Amino acid sequence: MEINQNVSLKDLNTFGVEAKAKYLCHIRNLQDIESLFEWKNNNDIPNLLLGGGSNLLFKNDYDGLVAKVSLMGKDIAEEDDEAVFVSAAAGENWHDFVLWTIEQGFAGLENLSLIPGCVGAAPIQNIGAYGVELSNTFHSLQTVNLDNGDIQEFSKEHCQFGYRESYFKSQTLDKLLITSVTFRLPKKPEWHVNYAGLREALAGEILSADVISKAVIAERQSKLPDPRVIGNAGSFFKNPVMKVSDFEALKDTHENLPGFPQVGNDDVKTSAGWLIDQAGWKGYRKGDAGVSDNHALVLVNHGNATGSELWQIAEDIMASVEDKFGIRLEPEPRVIA
Ligand code: FAD
Ligand code: EPU
């Protein structure tokens, strides 16, 4: 395994911010994982596992080893009467994997089309879009423990999936390297097309995974800036979830506050994009750091913004929304200090 020193991460994060890694390596096979394990145990230095860099903000240079996970491969692992089980290695591009499952005639991942990043990072925050989360079709994943070399398989019940949450995000970051993920795709598909925007786009259509995927792609392209054109990491904040009583109280003073009742409890999710928009931040720009003029939840890099400039705007937004609505927003991407 080759380890390079003092490497720019600008092309390895979708914000496109400049940050240097003290060391960088690529993990392409099992041998590389073994070398990483040995290196880590012989060097007292932090490590960061990197996929597509689409849910990260580097505030500074990284004074450690960045390990870019580039394990490749995908296959149909098995099938039974009700479902097929498909597996992909962690370095596979998520969207390409989704399209591949659709080409094979399988359904279940279509609503998650066009989410950037790699398969191995998808369970970290239980990616979700258009009424579907990864956990809906997740079956299991495999990890290597970089502290002791143990190989482990996690079934769904052990992953503690929640809204943009998992066991791996809250407990094991940079320690458990996810090597592959397996999905259980039902042979009798269940379509999820009630999300606003998607419902209208698909009215009168004969539904299939391919048709839904194309509608999701069109909807996303109309709303979210393309990181290849303007640096961003998607939604910068999670949508706040609150007790219905708190939501009703806030609605007394802000009658247009959007609310989405959560299934299985008394909570209501409101829209961080709406809160930020109402606080006047949409289209804000200071230097090259700013807020998308198309979507208030997306921070953007117009060119040469630094991570700390973007983070400053995030902090200012959090303070302003808290001041106006009494809600403390929580960043969604991982912020690397
Ligand atoms: P990275 O940003 O590289 O890493 C994210 C985290 O995963 C880090 O903590 C990293 O250490 C860890 N990690 C990465 N690989 C591994 C591994 N193999 N083993 C262990 N840990 C690992 N997210 C959504 O949920 N829904 C959306 O609709 C959505 N839309 C987006 C739109 C845009 C335009 C952008 C830029 C981002 C969007 N995101 C969305 C966020 C992002 O795409 C997802 O979170 C994605 O899963 C991140 O994948 P990545 O490979 O880029 O991860
Ligand atoms: N809104 C505004 N102003 C804006 C943007 C949004 O008022 O500038 C309000 C509108 O009321 C709109 C509502 O916010 O109806 C919701 O907006 P949208 O449908 O775009 O969804 P979102 O809540 O902003 C979430 C996810 C996205 C995911 C979409 C589609 C989070 C934090 N974000 O966005 O995920 O793609 O729904 O399901 O849950 C990501 O995580 O990075 C991401 C992009």
Side-chain angles (χ1 to χ4, degrees), residues 12-15 27 33 47-58 66-71 89-95 111-134 141-144 146 163-164 166 168-169 172-181 192 195-198 216 219-241 256-260 269-278 281-283 291-300 329-336:
L12 296 178
N13 73 96
T14 60
F15 260 126
I27 304 299
I33 299 178
N47 74 284
L48 171 74
L49 296 173
L50 184 69
S54 65
N55 213 29
L56 293 171
L57 176 62
F58 289 105
V66 173
K68 163 99 176 99
V69 182
S70 306
L71 301 163
E92 289 287 338
N93 174 274
W94 172 261
H95 178 60
N111 291 52
L112 303 178
S113 296
L114 210 63
I115 297 180
C118 299
V119 167
I124 298 282
Q125 72 157 3
N126 181 25
I127 55 169
Y130 298 96
V132 171
E133 290 181 335
L134 167 131
L141 59 74
Q142 287 70 40
T143 62
V144 176
L146 296 175
Y163 166 57
R164 301 292 190 272
S166 73
F168 311 101
K169 186 171 178 182
T172 69
L173 278 183
D174 302 324
K175 181 171 141 177
L176 293 187
L177 188 160
I178 295 173
T179 51
S180 70
V181 186
H192 298 268
Y195 200 94
L198 203 52
V216 166
E219 180 67 12
R220 293 180 67 92
Q221 286 173 333
S222 75
K223 275 190 177 168
L224 293 165
D226 179 347
R228 287 169 305 185
V229 179
I230 182 162
N232 75 88
S235 301
F236 198 85
F237 299 98
K238 290 188 191 181
N239 284 324
V241 178
N256 294 326
L257 182 72
F260 307 92
K269 193 190 268 181
T270 189
S271 157
W274 187 88
L275 298 169
I276 298 168
D277 198 345
Q278 294 299 307
W281 287 96
K282 198 167 177 171
V291 178
S292 166
D293 52 16
N294 205 31
H295 201 303
L297 196 46
V298 182
L299 297 194
V300 289
L329 293 176
E330 196 187 321
E332 185 200 277
R334 179 168 176 198
V335 180
I336 316 281

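When a residue number appears, it is its place in the shown sequence, counting from 1. As the structure lists them, so they are numbered: ligands from 1, and atoms in each ligand from 1. Fair warning: this is a prediction, and the values are worked out from it, not measured in the lab.
- Note on ligand 2: R164 sits in its first shell, one or more heavy atoms being nearer than 4.0 Å.
- Close approach to L173 involves these atoms of ligand 1, each under 4.0 Å from a residue heavy atom: 9 (O).
- Looking only at heavy atoms of the protein, atom 11 (O) of ligand 1 is closest to L49 O, 2.6 Å.
- Taking a cut-off of under 4.0 Å to the non-hydrogen atoms of G117, the atoms of ligand 1 that pass are 49 (O), 50 (P), 51 (O), 52 (O).
- Residue-ligand proximity: F236 is placed with every non-hydrogen atom at 4.0 Å or more from ligand 2.
- Heavy-atom neighbours of K175 NZ from other residues, nucleotides or ligands within 6.0 Å: at or below the threshold of 12.
- Protein heavy atom closest to atom 42 (C) of ligand 1, with residue, atom name and distance, is S54 OG, 3.3 Å.
- At a heavy-atom distance under 4.0 Å, atoms from both the backbone and the side chain of C118 approach ligand 1.
- Numbered from 1 in the order shown, with element, the atoms of ligand 1 that lie under 4.0 Å from a heavy atom of G53 read 1 (P), 2 (O), 3 (O), 50 (P), 52 (O).
- Salt bridge status for R220 with D226: absent, with no side-chain N to carboxylate O gap under 4.0 Å.
- Nearest protein heavy-atom neighbour of atom 27 (C) of ligand 1: G128 O, 3.5 Å.
- At a heavy-atom cutoff of 4.0 Å, ligand 1 is contacted by the side chain of I124 but not by its backbone.
- Using bins of under 30°, 30° to 60° and over 60° for the plane-to-plane angle, the ring pair Y195/Y130 lands in the perpendicular bin.
- Close approach of ligand 1 to R220 (heavy-atom distance below 4.0 Å) involves ligand atoms 27 (C), 28 (O), 29 (C), 30 (N), 31 (C), 32 (C).
- Ranking protein heavy atoms by distance to atom 38 (C) of ligand 1, first place goes to P116 CD, 3.7 Å.
- Ligand 1 places these atoms under 4.0 Å from at least one heavy atom of L50: 3 (O).
- Ionic pairing of E330 and K238 is present here: one or more N-O contacts between side-chain nitrogen and carboxylate oxygen are shorter than 4.0 angstrom.
- At least one N/O-N/O distance between Q125 and ligand 1 falls below 3.5 Å.
- The shortest contact between atom 2 (O) of ligand 1 and any protein heavy atom is with N55 N, 2.8 Å.
- At a heavy-atom cutoff of 4.0 Å, ligand 1 is contacted by the side chain of D174 but not by its backbone.
- For ligand 1, the atoms sitting less than 4.0 Å from at least one non-hydrogen atom of A129 are 28 (O), numbered in the order shown with element in parentheses.
- The backbone of L176, and not its side chain, has at least one atom closer than 4.0 Å to an atom of ligand 1 (non-hydrogen atoms only; backbone = N, CA, C, O).
- In this structure, CD on Q142 lies 12.5 Å from CG on L176, to the nearest 0.5 angstrom.
- In terms of protein heavy atoms, atom 50 (P) of ligand 1 is closest to G52 N, 3.3 Å.
- Separation of atoms OG (S166) and CD1 (I178) is listed at 7.0 Å; rounding is to 0.5 Å.
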